[in-house]
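In what follows, a single structure is set out as structure tokens and then discussed.
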Amino acid sequence: MAVVKAKKNLGQHFLIDQNIARKIVESLSPDSSNVLEIGPGMGVLTQYLFQSEIQKIIALDIDRESVAYLKNHYPSFEDQIQLGDFLHIDLAPFFNNEPFSIIGNFPYNISSQIFFKVLDHKHRVTEVVCMVQKEVAERLAAKPGTRATGILSILLQAYYNIEYLFTVHEDVFQPPPKVKSAVIRLTRNEVTSLGCNEVLFKQLIKAAFNQRRKMIRNSLKPFLNNPGYAYPFLEKRPEQLSIADLIELTNAIENAQNL
């Protein structure tokens, strides 16, 4: 098998620049011991992962052709190359329930879904180094309280520190995408609990940012069901609030509901 044909329905754009590939892998923390690679494709990152001192690596791809290609090229790592869909596979058995890092050139069409699953496993995913569409990277790394923030950036930044590492241009891919890309790093912070009802917090974030041009008074009207309660931030828009502000608002709404 000479090459793997990029499949449009899987959002495949294979990175062909070895220097960038090496730089992405080197962006993992030196103490990474368990690493899951999402969508290895033809192994441009995988080769450097297998050359590293990382104790255990799992390369997971939904594409049977990619899996066959990688097993043929890396027979000594055959058991670490697996067929599966990250969005639907059970991550619990991976790495014997130990913490792990994630790396990958994420398909642009499902990158948000990947990050939501990372949030579902935030108790185990300690780090994510990934390439995504540049616009997405900029939004995720945007500081809370700025116009670039959104649902996903707020939810991720509640639990991860996010760094925009570098920009990647279109001409280093085959086939080249129509947009620029960027590499970001998410590092798990020390937050184990937000200090609020986290289910309600997520509901409020989604409701507020889905109507981000409206003031909190209007975008969260269905939640403000106690007319006598002094809710904070009613005259602000969600993009003006910090994560601490949003936590305070969540607690206020829950307290008002319980009166």
Side-chain angles (χ1 to χ4, degrees), residues 1-7 10-108 110-111 114-115 117-118 121 124-132 137 163 165-166 168 172-175 177 181-188:
M1 185 182 297
V3 296
V4 176
K5 183 180 179 181
K7 300 170 184 62
L10 296 179
Q12 291 175 329
H13 296 275
F14 296 136
L15 178 66
I16 55 176
D17 188 305
Q18 297 296 324
N19 290 327
I20 292 175
R22 187 184 298 109
K23 190 175 178 181
I24 293 172
V25 173
E26 289 175 350
S27 297
L28 283 168
S29 297
D31 58 353
S32 298
S33 56
N34 297 315
V35 175
L36 171 65
E37 183 185 4
I38 299 175
M42 292 178 61
V44 68
L45 301 184
T46 319
Q47 61 182 324
Y48 297 111
L49 290 171
F50 286 160
Q51 293 169 16
S52 71
E53 297 182 358
I54 297 170
Q55 294 178 13
K56 185 169 183 180
I57 299 155
I58 294 176
L60 180 72
D61 207 301
I62 194 173
D63 185 6
R64 292 181 182 275
E65 189 179 5
S66 290
V67 170
Y69 175 92
L70 291 172
K71 288 188 174 185
N72 182 58
H73 280 71
Y74 302 101
S76 59
F77 295 96
E78 185 174 358
D79 61 334
Q80 294 172 246
I81 300 165
Q82 298 186 20
L83 178 69
D85 181 351
F86 175 79
L87 296 181
H88 298 101
I89 200 167
D90 181 10
L91 300 182
F94 284 16
F95 309 111
N96 297 317
N97 283 317
E98 295 177 356
F100 63 95
S101 300
I102 289 176
I103 193 170
N105 300 331
F106 293 173
Y108 298 156
I110 61 167
S111 61
I114 292 173
F115 287 123
K117 183 155 184 177
V118 166
H121 295 269
R124 289 186 60 207
V125 179
T126 57
E127 179 183 43
V128 181
V129 173
C130 62
M131 182 150 55
V132 294
E163 304 166 82
L165 299 183
F166 55 91
V168 182
V172 298
F173 295 91
Q174 185 60 44
S181 305
V183 176
I184 57 173
R185 178 169 54 215
L186 286 67
T187 306
R188 188 70 170 87

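Residue indices begin at 1 and follow the sequence shown. All heavy atoms count here, side chains included; hydrogens, waters and symmetry mates do not.
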> Which residues pass the side chain to side chain contact (heavy atoms under 4.5 Å, CB included) test with L186, sequence neighbours left out?
Replying inline: F115, V128, L156, Y160, I162, I184
> Going from CG on L45 to CD on E37, what distance comes out if it is rounded to the nearest 0.5 angstrom?
Replying inline: 5.0 Å
>> Distance check, rounded to the nearest 0.5 Å: I38 atom CD1 versus I114 atom CD1?
In response: 5.0 Å
> Does any non-hydrogen side-chain atom of R188 lie less than 4.5 Å from one of V125?
Replying inline: no
> Between I54 and S32, what is the shortest heavy-atom contact and its length?
Replying inline: CG1-O, 3.8 Å
> Looking only at heavy atoms, what is the nearest atom pair of S101 and L28, with distance?
Replying inline: CB-CD2, 4.1 Å
> Between F14 and G41, what is the shortest heavy-atom contact and its length?
Replying inline: CE2-CA, 3.7 Å
> To the nearest 0.5 Å, what is the distance between CZ (R185) and SG (C130)?
Replying inline: 11.5 Å
>> So if I apply the side-chain contact (heavy atoms from CB on, under 4.5 Å) rule between F86 and each of I62, D61, L91, which one comes out positive?
In response: L91
> Do V129 and V183 come close enough that some side-chain heavy atom pair is under 4.5 Å?
Replying inline: yes
>> Nearest 0.5 Å, please: how far is CG in N34 from CD in E127?
In response: 12.0 Å
>> Could you walk me through whether Q47 and Y74 satisfy the side chain to side chain donor-acceptor pair (under 3.5 Å) test, starting with their C-alpha distance in whole Å, then the side-chain angles of each, then the deciding distance to 0.1 Å, before giving a yes or no?
In response: CA-CA 9 Å; Q47 61 182 324; Y74 302 101; 4.5 Å; no
> When the ring planes of F77 and F50 are compared, do they come out parallel, tilted or perpendicular, using 30° and 60° as the limits?
Replying inline: parallel
> Out of I103, V44, D17, which one pairs with I24 under the side-chain contact (heavy atoms from CB on, under 4.5 Å) rule?
Replying inline: I103
>> I need the minimum non-hydrogen distance between N105 and M131, along with the two atoms involved.
In response: OD1-CE, 3.2 Å
> About how many Å separate CE of M42 and OH of Y69, when rounded to the nearest 0.5 Å?
Replying inline: 3.5 Å
>> Just verifying a value: how many Å separate L36 CG and I89 CD1, rounded to the nearest 0.5 Å?
In response: 8.5 Å
> side chain to side chain contact (heavy atoms under 4.5 Å, CB included) between I20 and F166: does it pass, once the steps are laid out?
Replying inline: CA-CA 10 Å; I20 292 175; F166 55 91; 4.1 Å; yes
> Does K23 offer a backbone N or O that forms a donor-acceptor pair with the side chain of S27 under 3.5 Å?
Replying inline: yes
>> Checking F94 against F100 for the ring-ring contact (aromatic ring centres under 6.0 Å, His included) test, could you report, in this order, the C-alpha distance in whole Å, the side-chain angles of both residues, the deciding distance, and whether it holds?
In response: CA-CA 9 Å; F94 284 16; F100 63 95; 7.1 Å; no
> For D79 and Q82, which heavy atoms make the closest approach, and how far apart are they?
Replying inline: O-NE2, 3.9 Å
> Looking only at heavy atoms, what is the nearest atom pair of P40 and L70, with distance?
Replying inline: CG-CD1, 3.5 Å
> Quick one: does N96's side chain have a donor or acceptor within less than 3.5 Å of a partner on E98's backbone?
Replying inline: no
>> Could you check whether atom CD of E53 has more than 12 heavy atoms from other residues, nucleotides or ligands sitting under 6.0 Å from it?
In response: no
